[in-house]
Amino acid sequence: MKRVFKFLFIKLPLAIILLSVLLVLALKWVPVWVTPIMVSRSIEYRSDPDFYTLKQWRPLEDISPELMKAVITSEDNLFCEHDGFDRKAIKQAMQEKKDGKRVRGASTISQQTAKNVFTLHKRTMWRKAVEGWFTVLIELIWGKERIMEVYLNVAEMGKGVYGAQAAAQKYFGKDAAALTRREAAILAACLPNPLGRNPANPSKYVSSRASTISRMIPNIKYPNWIERD
């Protein structure tokens, strides 16, 4: 009994922690070629003959800075300032839930990256716990620049479309490096609902949201690795 207890509550947790740290450490340099959501979508649409996966990894320097600015503006204004968690937004979301109001998303880009790379998109406390753990790890080990690079390469941007390069080619017929501010803003406006919004044919709401994002971009301060020539 003592051995079982020691294995379950000491050795197993330590092994899981070590493996997760080693995985995050490896992915600091190795491209993320596949994620749980990619596998899940492939299974979900396995009977759809028109379904196929589009994904091409691109280093950050081959992605338009306009897209980095657009996703920060749209998804996470404090991306370069917080430690992975926007506590003010989380507190506000909890209050909205308590008041019975519609809860707005409080996930940061770091949390979304952790979710995309390491978890399935199921709304469970277990998934949130795993997401939180990996958010801490990628903030400590990867840093903001690598987090942005991974995020823009794995984010779901349509049915079977993952990452900036695949989205830029599919919707605008160009490479991710050539995206304009307007195109980047449209992609950012579609991120909250990638299966229900089409960047190639934006709805009135998406177009309006993209215009708002474009207007807000000059008002936010970005790090030097984004503000490049």
Side-chain angles (χ1 to χ4, degrees), residues 13-32 35-37 57 59-61 63 65-98 103-157 162-164 184 187-188 191-192 194 213 216-228:
L14 287 175
I16 292 173
I17 290 172
L18 178 60
L19 287 173
S20 64
V21 171
L22 290 175
L23 176 59
V24 172
L25 189 61
L27 292 178
K28 181 178 175 66
W29 296 282
V30 178
V32 180
T35 65
I37 188 62
W57 182 273
L60 206 59
E61 57 265 27
I63 299 175
E66 295 296 342
L67 185 56
M68 302 176 212
K69 294 177 183 179
V71 297
I72 288 175
T73 301
S74 176
E75 300 288 301
D76 186 3
N77 289 177
L78 301 177
F79 173 66
C80 295
E81 300 176 26
H82 60 60
D83 60 358
F85 304 93
D86 187 340
R87 289 170 177 77
K88 183 178 179 180
I90 293 172
K91 185 177 180 180
Q92 185 176 348
M94 292 175 64
Q95 187 60 49
E96 288 173 350
K97 184 176 181 180
K98 183 179 179 181
V103 180
R104 289 174 291 181
S107 290
T108 63
I109 287 176
S110 300
Q111 287 175 277
Q112 292 177 47
T113 303
K115 178 180 71 174
N116 288 337
V117 177
F118 301 107
T119 77
L120 289 170
H121 288 203
K122 293 184 178 180
R123 295 179 178 274
T124 64
M125 291 301 295
W126 169 247
R127 194 269 289 173
K128 291 298 292 183
V130 173
E131 175 191 306
W133 167 245
F134 278 104
T135 297
V136 172
L137 288 184
I138 64 175
E139 280 281 341
L140 290 173
I141 297 174
W142 289 1
K144 298 293 185 179
E145 193 169 351
R146 178 60 175 176
I147 289 172
M148 178 61 70
E149 183 174 57
V150 173
Y151 177 70
L152 291 180
N153 272 285
V154 304
E156 188 175 31
M157 295 188 176
Y162 303 95
L187 288 177
L191 276 174
I213 293 170
M216 292 172 62
I217 285 175
N219 300 323
I220 295 177
K221 186 177 180 180
Y222 304 97
N224 292 334
W225 50 267
I226 291 180
E227 293 284 13
R228 64 177 189 262

| said: Does any part of the side chain of Glu75, heavy atoms only, come nearer than 4.5 Å to the side chain of Ser107, both counted from C-beta? | reply: no
| task | Starting at CG of Leu137, measure out to NZ of Lys28 and round the result to the nearest 0.5 Å. | result | 12.5 Å
| remark: On a heavy-atom basis, the closest approach of Ala188 and Ser74 is O-OG, 3.7 Å
| request: Please tell me if the side chains of Leu78 and Thr108 come closer than 4.5 Å, counting only heavy atoms from C-beta onward. | output: no
| query | Could you go step by step and tell me if Trp142 and Val150 meet the side-chain contact (heavy atoms from CB on, under 4.5 Å) rule? | reply | CA-CA 10 Å; Trp142 289 1; Val150 173; 3.8 Å; yes
| said: Are the side chains of Thr113 and Phe118 in contact, using a 4.5 Å heavy-atom criterion? | reply: no
| message | Show the nearest heavy-atom pair for residues Tyr151 and Gln112, with the distance to one decimal. | response | OH-OE1, 3.2 Å
| task | Kindly indicate whether the side chain of Val71, heavy atoms from C-beta on, has any atom under 4.5 Å from the side chain of Met148. | result | yes
| So, do Asn153 and Pro31 sit near enough that their side-chain heavy atoms are less than 4.5 Å apart? | no
| field | side-chain contact (heavy atoms from CB on, under 4.5 Å) evaluation trace for Asn77 with Ile220 | value | CA-CA 7 Å; Asn77 289 177; Ile220 295 177; 3.8 Å; yes
| request: Decide yes or no on side-chain contact (heavy atoms from CB on, under 4.5 Å) for Ile109 and Phe79, but give the supporting numbers first. | output: CA-CA 7 Å; Ile109 287 176; Phe79 173 66; 3.8 Å; yes
| note | Looking only at heavy atoms, the pair that brings Ile141 and Leu25 closest together is CG2-CD1, 3.9 Å
| field | Partner residues of Phe85 under the ring-ring contact (aromatic ring centres under 6.0 Å, His included) criterion, sequence neighbours left out | value | none
| request: Decide yes or no for Glu227 and Lys69: does some side-chain heavy atom of the first lie under 4.5 Å from some side-chain heavy atom of the second? | output: yes
| Glu139 side chain to Ser110 side chain, donor-acceptor N/O pair below 3.5 angstrom | yes
| query | What distance do Ile138 atom CD1 and Leu23 atom CG have between them, rounded to the nearest 0.5 Å? | reply | 11.5 Å
| Shortest non-hydrogen contact between Arg146 and Val30, atoms and distance | NH2-O, 2.9 Å
| query | Can you name the closest pair of heavy atoms from Met68 and Leu60 and give their distance? | reply | CE-O, 3.4 Å
| remark: Rounded to the nearest 0.5 angstrom, the CD-CE distance for Glu131 and Met125 is 11.0 Å
| Side-chain touch Val130/Lys115, heavy atoms, less than 4.5 angstrom | no
| Candidate pair Leu191 and Met157, rule side-chain contact (heavy atoms from CB on, under 4.5 Å), full reasoning | CA-CA 6 Å; Leu191 276 174; Met157 295 188 176; 4.1 Å; yes
| request: Supply the atom-to-atom distance Thr119 OG1 to Phe134 CZ, rounded to the nearest 0.5 angstrom. | output: 9.0 Å
| field | Beyond-backbone contact of Ile217 with Tyr222, side-chain heavy atoms, under 4.5 angstrom | value | yes
| query | So which heavy atom on Trp133 is nearest to which on Ile17, and how close? | reply | CZ2-CG2, 3.9 Å
| Could you state the interatomic distance from CD1 (Ile213) to CD1 (Ile72), rounded to the nearest 0.5 Å? | 12.5 Å
